[in-house]
Amino acid sequence: MAAEGYRVLLECRRRSRALRAQSLTFDQIAGVFALDHAVSPLRLYRYAHGRTAADVVAAYNDLDPAGTATLRPARFYDYETWPQAGRRPGARAVALFARIYQTAARRLVTDEVYASYGARDRDLLDQADHRHLDPHHHLCEVSAPAVPGTMGTQALPPLVPAPAPAHCADLLRALSAEEADVKRRELLFELALVLGGAPALGLLRHLTPPERERLAAATRHRSPIDAGTIDVLERLTARLWAMDESSGPRQVLPVAEAKRAMVEDLLKQGSLTPALRDRLLRVYWSLSHMAGWSRFDLMDYAGATRRYTEGLAAAHELQAPPLLAHMHGLLADMALHRGRSTVAMDHAFAAEGWAKSSGNRLQQAATSLIVARVLSRTRHDDEALRVLDRAITLAGRKHSVMGLRHLFWCNPDRVSRHAVFCLVGLEQPDRAIGAADPIMAKMRAGSNQAGWNRERGILHLEYATALIQKREIPAAAAMVGEAAQVTTRHSSARLVHSVRQARARLQPWADNRHVRDLDERLRALSIAR
């Protein structure tokens, strides 16, 4: 590093420490530094953290999930000087830098650079948001100023807030960077506001112009709801589940809540035929399911219970036993996670009754899975395993999927993964490890590894628990570390909490070198308390 560059870094490091002492976020500090330094957002954030290029390169290579990253300081300097010189960083690289700098990836690229990425890469940049890792972020009640040429920062939204002016301005700037046609831009802006803001752009990009027009007409109440409009709503909901699997609830929840409110408003229209109303009510049920699941994953148990309960009401109105069974199963699983075994048993057996009356084998498979999980934590015999075997058998049969979009995941492979959870609960670690090994091999060989993020993390933690039961501490610490790495790619607060719980089980071996190394890794990932 040149002497002048190092002097600038030292001065920025001094100022950053003083500003952090005043509880400013890294976003705000970067905005302050932008007033004095005409450099790229990537360099401004490095200054805000007071890091050398070598520090950032080392952190980047450590964050690579495959352990194969080979970023070098020279290439990093190329990234920092783009677009005036150097080389444009890939979207995945920007997402990793966002993790290091505890910010949103969109703040690390100018509008000009953002527009140069393809639609898939823009989705990745929109979804990579790690501001929650900044301890001062939750103290900031106002939007952070934007680094020139990038989007600003707003706090995570509550249930369905009115869009703030700064939020609208950020959204409009994002659209201006990627959509040149004024009319199409205005339509996207309107739909994105209705559907939760910037996170909705990744969904709207998959709609054709006529589909966007149809959706906009419905939200304006300028035309009656028809089957085509409900088709669009159903497809967008299905894409929300894909977004949840790849990146987690922080991106999904604002869209799910806003879309749910929109559908609730559409249900008040008097022009709906009974058949269309039932379809729209199923969409409302699905979005209550989605919002409840996201809130559970963020450990907002009161919010999740509220949404699940509203989903139960919709299922009762539809007189749909499969949907009633599924909601009771979700409530059972959440109660189990919270250690409320009696409540979990009540919901599990209610789910079992509704699933039986539905006559649908696929819903019976999903419900039997929940019953098996509950039994593994409340009884000390192999009944849970027998129920799980039944779930695997039922999931493997041919089924009619009509009206059961919520069971897209229910197949023998996914159901059988829960054997590890049950065997750990029954304190049979050898069998649990034997069940986990082939599942992990399939995950590693899968073509869509982004969709396995949360499940991979959870499986690693269950594997670690089995190893702790066997007193194999070095291997257990390594497994917990692997699960912790998943939190860099997925925003599940429940997963972070589970990592902390797994570390707590290692406390008797706190002086073990491998556990101490794990503690260092957890501190680096902002997971250690």
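Everything quoted here is computed from the prediction, not taken from an experiment. Computation of the quantities below employed the complete heavy-atom set of this structure, encompassing side-chain atoms and omitting hydrogens, waters and symmetry-equivalent molecules.
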If you define the side chain from C-beta out and look only at heavy atoms, does anything of Met479 sit under 4.5 Å from Leu461? no
Say whether, by atom type as modelled, one donor and one acceptor occur between the side chain of Gln251 and the main chain of Asp126 under 3.5 angstrom. yes
Can we say Glu234 and Arg239 salt-bridge, meaning some charged N sits less than 4.0 Å from an Asp/Glu carboxylate O? no
For Tyr101, is the NZ or CZ atom of Arg46 found under 6.0 angstrom from the centre of its six-membered ring and inside 45 degrees of the ring axis? no
Does Arg20 count as lying over the ring of Phe26, i.e. NZ or CZ under 6.0 Å from the six-ring centre, within 45 degrees of the axis? yes
Do the numbers put Arg106 on top of the ring of Tyr114, so that NZ or CZ is under 6.0 Å from the six-membered ring centre and no more than 45° off the axis? yes
Main-chain N/O of Leu385 paired to Asp382 side chain as donor or acceptor, under 3.5 Å: no
About how many Å separate CD of Glu455 and CE of Met440, when rounded to the nearest 0.5 Å? 13.0 Å
So, taking the atom named CG in Leu233 and the one named CG in Leu287, what distance separates them when rounded to the nearest 0.5 Å? 8.0 Å
Let me confirm one number: the CZ-NE2 distance from Arg500 to His497, rounded to the nearest 0.5 Å. 9.0 Å
Non-hydrogen side-chain atoms of Met290 and Lys259 separated by less than 4.5 Å: no
Pair Phe76-Phe97, ring-ring contact (aromatic ring centres under 6.0 Å, His included): steps then yes or no: CA-CA 11 Å; Phe76 176 67; Phe97 288 133; 5.5 Å; yes
Can you confirm whether or not the ring centre of Phe296 sits under 6.0 Å from the ring centre of His337? yes
Polar side-chain atom of Asn453 near backbone of Ser246 as donor-acceptor pair, under 3.5 Å: yes
Between His289 and Trp285, is the ring centre distance below 6.0 Å? yes
Decide salt bridge (Lys or Arg N to Asp or Glu O under 4.0 Å) for Glu317 and Arg282; before the verdict, give the C-alpha distance in whole Å, the side-chain angles of both, and the deciding distance to 0.1 Å. CA-CA 10 Å; Glu317 185 175 342; Arg282 280 182 176 269; over 6 Å; no
Can the ring centroids of Tyr60 and Tyr79 be said to lie less than 6.0 angstrom from one another? no
With sequence neighbours excluded, give me every side chain to side chain donor-acceptor pair (under 3.5 Å) pair touching residues 513-525. Gln485-Arg521, Arg503-Asp519, Glu520-Arg523
Beyond-backbone contact of Arg235 with Leu207, side-chain heavy atoms, under 4.5 angstrom: yes
Test item: Leu522 and Leu518 side chains (from C-beta on) under 4.5 Å apart, heavy atoms: yes
Salt bridge present between Asp27 and Arg107 (N-O < 4.0 angstrom): yes
For the CG atom of Leu394 and the SG atom of Cys410, what is their distance to the nearest 0.5 Å? 9.0 Å
Is there a side-chain contact between Val420 and Tyr463, using heavy atoms and a 4.5 Å cut-off? no
Can a donor-acceptor pair be found, under 3.5 Å and without considering hydrogens, that links the side chain of Thr367 to the backbone of Gln364? no
Distance-only polar pair, side chains of Ser341 and Arg377, donor-acceptor under 3.5 Å: no
For the pair Ser294 (side chain) and Ala291 (backbone), establish whether a donor and an acceptor sit closer than 3.5 Å, ignoring hydrogens and angles. no
Do Glu245 and Arg414 meet the salt-bridge criterion of a basic N to acidic O distance under 4.0 Å? yes
Going from CD1 on Ile392 to CG on Leu369, what distance comes out if it is rounded to the nearest 0.5 angstrom? 9.0 Å
Backbone of Gly196 reached by a side-chain donor or acceptor of Glu257 within 3.5 Å: no
Report yes or no: does Asn360 contribute a side-chain atom to a donor-acceptor pair with the main-chain N or O of Pro322 at less than 3.5 Å? no
Measure from NZ or CZ of Arg373 to the centre of the six-membered ring of Phe421 and say whether it is under 6.0 Å with the direction within 45° of the ring axis. yes
Backbone N or O of Asp300 within a donor-acceptor pair of the Arg295 side chain at under 3.5 Å? no
Backbone of Ser492 reached by a side-chain donor or acceptor of His490 within 3.5 Å: yes
Are Asp129 and Arg99 close enough for a salt bridge, meaning some N to O gap below 4.0 Å? no
